[in-house]
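Quick note: residue numbers are just sequence positions, from 1. Small disclaimer: the values here were computed from a predicted structure and weren't measured.
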Amino acid sequence: MLPEDFEACLLTDELRAKAYESLGDARRALIKDQIAFLYEYWGGAQPLRSVLRKDLPGGARVEWASQGVEDVLLLVGASFASAPELVAALLPARLAGARQVLVCLVSGPTDPDYAVLSALDLLGQDEVYLLTRAQAADVFTEARRQMLFGGLGRVLVLGFNNAEPLPFNYNRRGTFFASQPLAGLCVAEVDRRRFEQAHPHACIHDLPCDPLQLSTANIQENIRMNMPEGLPFLDVIVCPRGQSAHYTGLASLVLEAGQEHLWVWPELGPEFFLSSCLAIGAVRE
């Protein structure tokens with residue numbers, strides 16, 4: 001599914017080294033923390049293949065088999081710069097036992113984000129390609145033809161938005177995941193700079209609130225009164241340490257102060273990368 005001259009598109013060791021040197025130990029430590037967190041959160045590597053079998057009283061036997069998909073393609077927009085969001089998309093595929101994972105970065109006027117490149121290195125991702133938008137569109141078209149038939153592959157897309165639209169159209173539930181810039185709120189007394197460093201694409205609004213006078217009821221009213229127009233749903237709320245319980249149910253993810261560098265795509269766990277089949281037969285004597 002890669003261009004004929006794909007070897008020329010492979011990310012160079014020089015660029016990997018440049019990213020390593022430029023990022024610094026502190027930023028790499030945060031990425032390592034994100035990897036360790038997700039590994040524990042998802043429970044480590046999943047069985048490569050599992051089969052559930054049940055014999056029914058009427059003589060029928062059902063078998064539900066699942067295993068990691070054959071191929072995963074991750075397309076990353078030229079302006080994408082969130083290492084934790086990338087790790088949260090890629091690591092579950094590894095844990096599910098996907099046979100091959102390809103990462104294609106769309107080239108821009110500057111080098112790809114160094115935090116993203118370092119995250120790929122820390123994940124041990126060798127197959128990373130730097131493609132033009134036209135090449136990315138061709139790769140996607142070929143991927144759709146080759147690996148999505150029968151649900152045997154998955155396509156992930158990060159970092160494409162209105163400013164950098166997808167170079168293709170696609171909509172197939174269960175095999176395709178595309179991120180959008182995060183929409184959310186930061187409560188007073190939170191280190192917003194640390195969050196913005198980890199999630200530079202997020203559209204974050206400040207929520208005036210006294211954390212010493214919190215209750216679930218007045219938080220909901222406070223959010224309703226201060227919700228910016230045109231923001232019907234919240235992806236994330238960043239709140240002071242020890243206050244996450246007050247915000248549960250108000251966003252897809254709540255991060256307490258000190259955890260701003262972490263991320264989970266709730267809908268993108270290892271099970272997303274499993275290919276499953278239900279077989280119905282007869283009980284064999």
TODO: Check the pair Y247, L185 against side-chain contact (heavy atoms from CB on, under 4.5 Å), reporting the backbone distance first and the verdict last.
DONE: CA-CA 11 Å; Y247 296 88; L185 300 173; over 6 Å; no
Task: Derivation of the side-chain contact (heavy atoms from CB on, under 4.5 Å) call for V101 and L74 - done: CA-CA 8 Å; V101 179; L74 172 60; 5.6 Å; no
- [ ] Indicate yes or no for a side-chain donor-acceptor contact from R154 to the backbone of A98 under 3.5 Å, with no hydrogens or angles considered.
- [x] no
Task: Atom pair CG/CD1 of L91 and I35 - distance to nearest 0.5 Å - done: 7.0 Å
Task: Close side-chain approach of D111 and L15, heavy atoms under 4.5 Å - done: yes
TODO: For residues 19-38, pull every pair meeting ring-ring contact (aromatic ring centres under 6.0 Å, His included), keeping only residues two or more places apart or in separate chains.
DONE: F37-Y41
Open item on the list: Which heavy atom of P92 sits nearest to which heavy atom of L268, and what is that distance?
Closed with: CG-O, 3.4 Å
Task: Shortest non-hydrogen contact between P270 and A96, atoms and distance - done: O-CB, 3.4 Å
Task: Closest non-hydrogen atom pair, Q34 against P84 - done: NE2-O, 2.9 Å
Task: Linked, directly or transitively: V283 and L56 (ILVMFWY side chains, under 4.5 Å) - done: no
TODO: Could I get the full list of side chain to side chain contact (heavy atoms under 4.5 Å, CB included) partners for A19, not counting sequence neighbours?
DONE: Y114, L117, S118
TODO: Kindly compute the distance separating CZ (R194) from CD (E196), expressed to the nearest 0.5 Å.
DONE: 13.5 Å
Task: Rounded distance [0.5 Å steps], CD in E260 versus CZ in R192 - done: 12.0 Å
TODO: State plainly whether one hydrophobic cluster holds both W64 and I280, where clusters connect Ile, Leu, Val, Met, Phe, Trp and Tyr through side-chain heavy atoms under 4.5 angstrom apart.
DONE: yes
Task: same_hphob_cluster(L253, L30) at 4.5 Å side-chain heavy-atom cutoff - done: no
Task: Member of L130, V128, L105, L131 meeting the side-chain contact (heavy atoms from CB on, under 4.5 Å) criterion with C9 - done: L131
- [ ] Rounded to the nearest 0.5 Å, what's the gap from CZ on R99 to OG on S275? Could you check?
- [x] 12.5 Å
Open item on the list: With a 3.5 Å distance limit and no angle check, can you tell me whether Q259 reaches the backbone of E256 through a side-chain donor-acceptor pair?
Closed with: no
Open item on the list: Using side-chain heavy atoms (C-beta onward) and a distance below 4.5 Å, is L23 in contact with I31?
Closed with: yes
Task: Separation between CZ of R16 and CD of Q125, rounded to the nearest 0.5 Å - done: 8.0 Å
Task: Nearest-0.5 Å distance that lies between atom CG in D138 and atom SG in C104 - done: 11.5 Å
Task: Step-by-step side-chain contact (heavy atoms from CB on, under 4.5 Å) determination, L255 to F195 - done: CA-CA 10 Å; L255 297 172; F195 177 84; 4.0 Å; yes
Open item on the list: Please give me the minimum heavy-atom distance between I204 and C186, naming the atom from each residue.
Closed with: CG2-SG, 3.4 Å
Task: Over 12 foreign heavy atoms within 6.0 Å of CZ, R61 - done: yes
Open item on the list: For S252 versus P266, what's the shortest heavy-atom pair and its separation?
Closed with: O-CG, 4.0 Å
- [ ] Would you check, one step at a time, whether the test side-chain contact (heavy atoms from CB on, under 4.5 Å) holds for F273 with L95?
- [x] CA-CA 9 Å; F273 299 95; L95 297 179; over 6 Å; no
TODO: Please name the pair of heavy atoms, one in S82 and one in V116, separated by the smallest distance, quoted to 0.1 Å.
DONE: N-CG2, 3.9 Å
Open item on the list: Going by the rule ring-ring contact (aromatic ring centres under 6.0 Å, His included), which residues pair with W265 if we only count those two or more places apart in sequence or in a different chain?
Closed with: F177, W263
TODO: Would you mind telling me which of V157, D113, L86, L75 makes a side-chain contact (heavy atoms from CB on, under 4.5 Å) with F80?
DONE: L86
- [ ] Check step by step if side-chain hydrogen bond (donor to acceptor under 3.5 Å, both in side chains) holds for H199 and E85.
- [x] CA-CA 8 Å; H199 308 277; E85 293 172 33; 2.9 Å; yes
